[in-house]
Amino acid sequence: MRAGISPAGVFGLVLLAAAAAGSFAFLEMPLGALFTGSAAREAVAFVGRFIPPETDPAFLAKVGWAALETLAISLLSTLLAVLGGVTLALPAAGRQGPLARQAARFVLNLLRSVPELVWATLMVLAAGLGPFAGTLALALHTTGVLGRLFAEALENTPRAPAQAVTGLGAGPLAAFLYAVLPLVAPQWLAYALYRWEMNIRMAAILGFVGAGGLGALLYYSLSLFHEAEASTVILAMLAMAIAVDGASAWLRQRMAG
Amino acid sequence: MSAVPRDPAALPRLGWTLAALVLLWPLLRLADFEPVRLLDEGNLRAMGHFIRGFLPMETSHDFMALLGKAMVETLAMATAGIALSLLLAVPLGLAMTRGLSVSRIGPGRRAWIGTLVRALVRALLAVLRGVPELVWALLFVRVFGLGASAGVLALGITYGGMLGKVYGEILESTDGRTARGLLEAGSGRVAALFYGLLPHAGGELVSYTVYRWECAVRASVVMGFVGAGGLGQLMDQSMKMLNGGEAASILLTFLLLVLAADGLSEFLRRRLA
Amino acid sequence: AAQAEDVLRVSAIPDEAPTELQRKFAPLGAYLEAETGMKVNFVPVTDYAAVVEALATRKIDMAWLGGFTFVQAKIRTNGTAVPLVQRAEDAKFTSKFITANDGIKGFADLKGKTFAFGAPSSTSGHLMPRYFLGQEGLNPDKDFKNVAFSGAHDATVAFVQAGKVDAGVLNASVWDKLVEQKKVDPAKVRVFATTPSYFDYNWTVRGDLDPKIQAKLTQAFLKLDPANPAHKEIMALQRASKFIPTKAENYKGIETAAQAAGLLK
Amino acid sequence: MGFSLKGVGLTHANGFRALRDVDLRVACGERVALVGASGAGKTTLLRVLAAALRPDTGRLSLLGTDPWDASPATLRRLRARIGLVHQAPPIPPRQRVVTAVLAGRLGQWPLWKSLASLLYPLDPEGARHQLARLDLGERLYERCDRLSGGQLQRVALARVLYQQPDLFLADEPVSAMDPALSELTVALLNEEASRRGVTLVASLHAVDLALRHFPRVIGVKEGQVLFDLPAGQVREAQLRELYAAEGSVPMAGLAVLPDAGQPAAAAPPPLRCA
Amino acid sequence: MGFSLKGVGLTHANGFRALRDVDLRVACGERVALVGASGAGKTTLLRVLAAALRPDTGRLSLLGTDPWDASPATLRRLRARIGLVHQAPPIPPRQRVVTAVLAGRLGQWPLWKSLASLLYPLDPEGARHQLARLDLGERLYERCDRLSGGQLQRVALARVLYQQPDLFLADEPVSAMDPALSELTVALLNEEASRRGVTLVASLHAVDLALRHFPRVIGVKEGQVLFDLPAGQVREAQLRELYAAEGSVPMAGLAVLPDAGQPAAAAPPPLRCA
Ligand SMILES: Nc1ncnc2c1ncn2[C@@H]1O[C@H](COP(=O)(O)OP(=O)(O)OP(=O)(O)O)[C@@H](O)[C@H]1O
Ligand SMILES: Nc1ncnc2c1ncn2[C@@H]1O[C@H](COP(=O)(O)OP(=O)(O)OP(=O)(O)O)[C@@H](O)[C@H]1O
Ligand SMILES: [Mg+2]
Ligand SMILES: [Mg+2]
């Protein structure tokens, strides 16, 4: 009689738990401090400084403009990344043979392992200071991320529909469009919209390349302890993120019908 | 033969496409989108010069010692951060999943409670990840002082928000017929999750979690802010100084860690399959 | 803050790379340990605000602050933060405007160019240059094509040297150090303007630190003597000729400038 | 305590009226076959009986309760007492047979037991017993995507047998099985229902099986009940009308039916209502 | 130019021997029914014939080519000429009916046409025509997850009808349909194959349908060919043996079979081989 989960599986789980416990021990984290009275007082005092948000019209106009710029940069970079990600995800999911799979995976890993900041520096040199460099930097890193997520979603998708269509003699691209895309589309859409939301927040990087946007504004106000202003910026970012989140939920619900 | 009705979806589809194209133009202008700039000779030279600076890689003894220490710290912080974020993400992600909602198939008159709870959880997750890491970090500095604790907690909270949302969406995007069948047979939502959704979505969940861990390894911003050190901070610094040799060594470390994470993800998914 | 009695927790604003700060601090830390009999713990960070926040909430005892960060810390601690000492050089500090662009000869040529400050809360890398630019009739937010915050002084030099920006500004002390260490190519990057002098960096402690320890610390700094070979390395690393006592009033000017430049509300 | 429907109507989300004004009363322990053309509404009706789809009009009582008026906890308990064999088995491809079968009791097991059983199957003997009745005992630890169509359908059946519901619903439970196995399976369902004294409703395309094994046969056409008769009283003309909806369907397929006048073979069930 | 198998054997990845030493030769234009118990290997055999599973032993020739010896391009062209109706329709749930049917021609269309058709269906007329033959013409723009079991199965059939293959394979094509519709559909398949002069192989659980519509019937048992006879020569004893594998299966189901001696009704096909 075979057990439900293999000994190797149990061993793996134990190993993961041990890694987590070991990490906490190594870092000597006094998590208890979180539940002391002074922690609560400090937290309340900190949050109190953010209220009420700054509503000076001139500042609001600045935030509005920065929000538009952020929207443009994040949306364009995500669109570019979706195109790049899909192109690389198809071979990376092993649909064009093992060699193409390894090659595509390596490219994705490389794109992803180079942090946004490094891409930003490279792109500033390549395209000059400004929003365009920020867009490219985010697009490159995001391509690596989306490519990997797309590829793994593909690999986790049932194969029968695609096999049925290739069984009709269809080419790989046609089989993908007719039998795989309808299955992975909700997941891909979720990942793409989610990455868009992340890119809205890529704060420090965009400021670093002089692209402005909400991120730079936030970093600036926090550095100067202008918490009321920071609070307005955070609210603007939150509003955008929640809008994207809601759009994601709505779109996918519509797809599921 | 009577005429075939025209595709009813065609007109809306055309409309949306046109609307998207019309919207794209101002965005391109706002983002200063000029790809020709990439071909500018001066720019190409500047970038070429910078990339040439990547070699030789920095391998001095001091730097390698620093790198090794940063790597160990980074691994520990990433693992601890992800562990904390799971505590938040798992329950909230489950609460957000419509496919596990008993009330959606169940007694309709209470359905609004479920809808409300899901909306609230969604909003809570959005706030957790929407408040910038730096703000969380500053908050926790007030509790723990400078050091890894504040960074790991800030990481745990923002990543909790992200993981929770993604978990929920993954569970919703998978084939829900099995889980629905089980709920219809009276099973509870947790049991339906384990018997009905995880067999479909397990691989996807594992793969995303490992990816987040990998992000935590790269997470420079928060860690550096509060003096927790680690690879991210080292990278930030080498990059700001445009020190190519150091950057190349750190990049190689990142690449190795990412490859390792990728391998782990694949191994785990294969075990699950 | 119970365990704080035998450990002195120290940090510094990251106006230079945190690892560089740590390297600079090591011998000074050992010296202070010997002088006070306390264990000295140094935490390097990458964010100015985190240092101020930690000092204001008594999570650290002493910090190396810039003029502007000191003003911020003073406000946040309701005026209790105590500046102990500063370097003689800090009493007449300046910032250097640098460029690698042949077309830039003076402030007037900066219009429509890209420009890099250090960190937003840096005194010598942002506040004072912005203040003096304003007096020259330049508003960075309107007159420059693009403004970037490099985050640290040495990063600003790297930006300018690589052509990422047309011009930038950094503090004189770091500039001199980089020139000395040949980290910048003077043929490429040159100084085209210098600000008038102002008060900058100091060592500040939290107000409720035991006055006896405060006194010991002040003494230890003032005792440092470049003629003493044991002290020479410490002084060289700190780029100090000698340490002098300082007081909060010295930074009134900075506070005014910050208000004028709109950085303080 | 079987179930009753009064004026039940159901419109799908896209506006399609799948059930209209269905009146039905089935007593505890009855065994009923549903027959009807493709798209007539059999699956929809069974899902309404499983408290999985909520009708927009009419009144519904299952095992004595109105599911859509009950508290969530009551509804859940009710559902645990109803078992539906789906037309297309909704079983995750990579799941193992034993897990798929044990899932039948999820509504009855406490949570810890459900979870523990994932790590180590707690009642493989019970699962094997039900599988063996369907001649599949030796596939206990196989993955479900390694089974043939008929084998997978038997796994889905074994799950509901293992659930031991008080209201046993089956949607085309033998569509993927060969004639001999179909015969065996339909007989088994009837025997199980009689022995346990529970109510059984099965939709069947094989009219001969319906007529031979079930005491009562209901014909569904375009979302309505066309006839509701003891098996012995179903006439060929009625079947002809039932399937005639499909335009110009040749009726040759019905020629094979046994003489419709022949009485159903089943013995009267010993009523032991749950 | 039909197909031939010589000593074909297939072992599944888990070591299960699903086919052993199958010899079979079917001429162009023949119409053959496969019958056999659940798990006998019918699906496996059909997938081998569709060049979807590669046998480990034996020789295989489909429409004059050995698929596993051919170049990828040849194999693709070959597959475009073979159409298989799967036992469980593998159609993405959210796909619309028109797209699912048009997918039948993907092997013949150039890439641009496949892509364009996704944006705007290029041949809705063709798709509707095939659906209408199965009485489903008005569901052209419906989503597939809104269809009943029998309707979905008809969509899968319409796809292969639309493909117009030279080798037409169908795995239980009528398992989810009512008797009248089954009759119509099996007749339609046979008529289509005769008219176009192509080879048809269908597995069927409904033995009566197999015997009445197909000139040749092959019994598969435990991965081997048990008998291979003209429909008129299949005897009840052979069927009994075919299905007896399932342990102690009662044979009552077979009693309904028509007298096995009765000759098949189909007219000889006019051979117009593709
Ligand atoms: N989710 C749905 N949305 C819209 N229409 C649906 C949905 N499910 C079923 N229908 C339609 O309702 C009608 C009845 O479907 P149902 O599945 O009950 O038929 P059925 O009698 O079970 O048929 P079959 O014998 O083919 O399984 C069909 O016309 C079908 O297209
Ligand atoms: N992928 C697979 N891996 C392992 N074994 C398999 C696989 N597919 C089928 N089998 C086994 O091979 C045998 C033949 O399966 P096949 O699907 O060909 O049967 P079938 O004749 O079509 O049965 P049914 O009438 O139930 O559909 C079965 O015992 C089945 O369990
Ligand atoms: Mg049905
Ligand atoms: Mg089969």
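Numbers restart at 1 for each chain; the letters A, B, ... are given by sequence-line order, proteins then strands.
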> Between A:A17, A:A153, A:G22, which shows the greatest number of heavy-atom pairs under 4.5 Å with chain B?
Replying inline: A:A153

> Given that the side chain runs from C-beta out, which part of A:A249 has a heavy atom under 4.5 Å from chain B: side chain, backbone, both or neither?
Replying inline: both

>> So that I can tick it off, tell me whether B:R218 and A:E116 are bridged by a salt bridge, with the cut-off set at under 4.0 angstrom between side-chain N and carboxylate O.
In response: no

> Who wins among B:A83, B:G202, B:S207, B:G48 for the most heavy-atom pairs under 4.5 Å with chain A?
Replying inline: B:S207

>> What verdict does the side-chain contact (heavy atoms from CB on, under 4.5 Å) test give for B:L24 and A:L76, after you've listed the backbone C-alpha separation in whole Å, the side-chain angles of each residue and the deciding distance to 0.1 Å?
In response: CA-CA 8 Å; B:L24 197 63; A:L76 283 180; 4.0 Å; yes

> Relative to chain A, which segment of B:F267 carries a heavy atom at a distance below 4.5 Å: side chain, backbone, both, or neither?
Replying inline: neither

>> I want to check something: taking the side chain as every heavy atom from C-beta on, are B:P132 and A:L218 in contact at a cut-off of under 4.5 Å?
In response: yes

>> Angle between ring planes, B:Y208 versus A:Y191, binned at 30° and 60°: parallel, tilted or perpendicular?
In response: parallel

>> Between B:F254 and A:R112, is there a side-chain heavy-atom distance shorter than 4.5 Å?
In response: no

> Is it true that B:R129 and A:E197 have a side-chain N and a carboxylate O under 4.0 angstrom from each other?
Replying inline: yes

> Between A:F46 and chain B, which part of the residue has a heavy atom less than 4.5 Å away: side chain, backbone, both or neither?
Replying inline: both

> Any salt bridge between A:R148 and B:E266, counting N to O under 4.0 Å?
Replying inline: no

> For A:I234, is it the side chain, the backbone, both or neither that has a heavy atom under 4.5 Å from a heavy atom of chain B?
Replying inline: side chain

>> Heavy-atom cut-off 4.5 Å, strictly under: side chain, backbone, both or neither for A:L79 against chain B?
In response: side chain

> Can you find a pair of side-chain heavy atoms, one from B:T79 and one from A:F24, that are under 4.5 Å apart?
Replying inline: no

> What part of A:M198 gets closer than 4.5 Å to chain B, counting heavy atoms only: side chain, backbone, both or neither?
Replying inline: side chain

> Under a 4.5 Å heavy-atom cut-off, does chain B meet the side chain of A:W65, its backbone, both or neither?
Replying inline: side chain

> Which bit of A:L68 is near chain B, if near means a heavy-atom gap under 4.5 Å: side chain, backbone, both or neither?
Replying inline: both

